[in-house]
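Below, read A as the first sequence line, B as the second, and so on, with proteins coming before strands; counting in each chain starts at 1.
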Amino acid sequence: KYSSVIQLQKNQRGQRRRLRRWEEEKYEDGVKWRFLEHKGPYFPPEYQPLPDNVQFYYNGKAVKLSLAAEEVAVFFAQMLDHEYTTKKVFRENFFKDWRKEMTHDERSLIKDLDKCDFGEIHAMHKAKVEARKNMSKEEKLALKEANQKIIDEFGYCLLDHHKERIGNFKIEPPGLFRGRGEHPKQGMLKKRIQPEDVIINCSKNSCIPAAPPGHHWKEIRCDNTVTWLASWTENIQGSIKYIMLNANSKLKGEKDWEKYEIARKLKSCVEGIRSQYHQDLKSKQMGTRQRAVALYFIDKLALRAGNEKEEGETADTVGCCSLRVEHITLHEQLDGNECVVEFDFLGKDSIRYYNKVPVIRKVFKNLKLFMENKEPGDDMFDRLNTNMLNKHLSSLMMGLTAKVFRTYNASITLQQQLRELSNKSENQAEKLLSYNRANRAVAILCNHQRAPPKTFEQSMATLQAKIDARKEQLALAKSDRVYIPRKKNAVQRSEEQLLKLEVQATDREENKQIALGTSKLNYLDPRISVAWCKNMEVPLEKIYNKSQRDKFAWAIDMTEADFEF
DNA sequence: ATGGAGACTTAGAATGGCATGG
DNA sequence: CCATGCCATTCTAAGTCTCCAT
């Protein structure tokens, strides 16, 4: 499978043969490595009991808690500044799980969370954070060195011929689960992982990592068809967590490259697929029409596939196939447009998707039909799921799934926007602004949002104050009736600076709730950016930081200025 | 077909560290 | 020189999609 991608790459028109490391060693289907050796995961430190002068109070009386109960109480106390701890669901889940950790006596005493006073523990925690901030240079350096030692020992593995950085070599520490959005399990206790819970994956003939003293691993496995080094089952959702390689590794890089090659393959056949689903909108089969409408959304709006989710296990979020009637409002007429679909739903990470989209009449009519005789909570696409959709897609093109459309549309949009917005005659700052604007167009398409930075309003106000001051100064200078030639230049400069500030303000305001990083990292073929930098004579470091350059090493290595996505 | 386990990518928030300018 | 704000890194949750048993 992989060698076919390489073949495709080699045959690409105008593509230079600078593949080197990226084309060595192809394995038979499914095999990910021949040799894998590592030191196992790094475990978080043991719980340190509270000092005697820091006490927990119940109903006004000091209570010395057992070690297990105390540890969980500390988890809660540490979060007291956070809004989470005021939420009913969070508090109930926490209290229920906390009581499980208590001794019999503690359980019979502590029956009401509202009567618990974590104040001293909370204060101690804040003091610790403060002390950490105020550490001396020497202390900070010592800490840094100690951390580096841990990275040196546990942070790397040997995979075939290469020493590779591990992405997450640390076992996740215990704590209170913080889901996103209205998560029904928020506040539950995320338990401490023991070596006895951990499966190690490595070569038979490698140096098998030793479990921490007095412990043993759950299992030693030698499975070279997977890429993970260690895994354990987490207790909140019962899902498996993995220790895997860093994004800059060869293994991840090749996978990334393959992803973009599949998206480019879609480019060559997307017109055919589009005319096919336009035909399918008229199908006699309701299921086929639903599939066509879903595909229309996925293609046009870059919606996610939308797998079904188990109710009550996670926050109530949806993607395309799991949209419900309540998430869509149809408008025959809206703001001068016909056939407008108004979307309002929570997507991945409970990020709201709100959009008013004019659609073609056939889609509009179908939607109306799908919604007939349904309750708000009913599925919009009751004859469709992601499995059926992906089966259909893979029959149209090898390797095609719903998410490929997001990659394809993101990358093609970046390429188009860069061509439209940027110009070789611009100065570097202007070029970078154009690049960011192209990137922003993609982020908006993919609905990549962020919470406005906490300091946003303030930093915006500071900027606005600067602008106002500059305006006032300008007005004053201009109202001066006496013409002073020396002032002319100063006024001009002042006007330029005002413009700059205003652009900056607009830029920041536009970016208030937009996150550019996710698309840059996961959706935009880096070769587009590398080629753009070469064409525009912009240093690559201006758009990719060190770790991004490492992650995209494969693209930097092989891309010439004439690359076309 | 259906459902669940498993493996892997994608995601925003929190944290950490460093540059910059008052 | 230090506070402050910004950017990079870390963290781990939340998706997608495949495979396999029933």
I want to confirm an ordering. Mapping A:L400 and A:S547 to their closest nucleotides on DNA chain C, which one lands closer to the 5' end? A:S547
Check whether any side-chain nitrogen or oxygen of A:K241 sits under 4.0 Å from OP1 or OP2 of C:dA14, and answer yes or no. no
Short side-chain N/O contact to B:dT10 OP1/OP2 from A:K403, under 4.0 Å: yes
Counting distance alone, no hydrogens or angles: does the base of B:dT10 have a donor or acceptor under 3.5 Å from a partner atom on the side chain of A:K348? yes
Establish, with yes or no, whether the OP1 or OP2 oxygen of B:dA13 is under 4.0 angstrom from a side-chain nitrogen or oxygen of A:H82. no
Tell me whether the OP1 or OP2 atom of B:dC8 has a side-chain N or O from A:T227 closer than 4.0 Å. yes
Is it the case that the side chains of A:N439 and A:Q417 hold a donor-acceptor pair, with the cut-off being a distance below 3.5 Å and no angle test? no
Does the side chain of A:T386 get closer than 4.0 angstrom to OP1 or OP2 of C:dT16 through an N or O atom? no
Regarding A:K185, tell me which of base, sugar-phosphate or nothing describes its non-hydrogen contacts under 4.0 Å with the strands shown. nothing
Under 4.0 Å between a side-chain N or O of A:K259 and OP1 or OP2 of B:dT10? yes
With a cut-off of less than 4.0 Å, is there a side-chain N or O of A:K32 near OP1 or OP2 of B:dC8? yes
Report yes if the distance between the aromatic ring centroids of A:F154 and A:F169 is under 6.0 Å, otherwise no. no
Can you find a side chain N or O atom of A:H183 that sits less than 4.0 Å from OP1 or OP2 on C:dA13? no
Selection from B:dA11, B:dC8, B:dG16 that lies nearest to any side-chain heavy atom of A:K255: B:dC8
Does a salt bridge link A:E254 with A:K250, judged by any charged N lying under 4.0 Å from a carboxylate O? yes
If the test is side-chain contact (heavy atoms from CB on, under 4.5 Å), which one of A:R192, A:M188, A:K190 qualifies with A:N235? A:K190
Could you tell me whether A:K520 contacts a base, only the sugar-phosphate backbone, or nothing, with contacts defined as non-hydrogen atoms closer than 4.0 Å? nothing
Under 4.0 Å: is that the gap between some side-chain N or O of A:R180 and OP1 or OP2 of C:dT12? no
Would you say A:R450 places a side-chain N or O within less than 4.0 Å of OP1 or OP2 belonging to B:dA14? no
On DNA chain C, more 5' by nearest nucleotide between A:E172 and A:N545 is A:N545
Charged N-O contact under 4.0 Å between A:D152 and A:K149: no
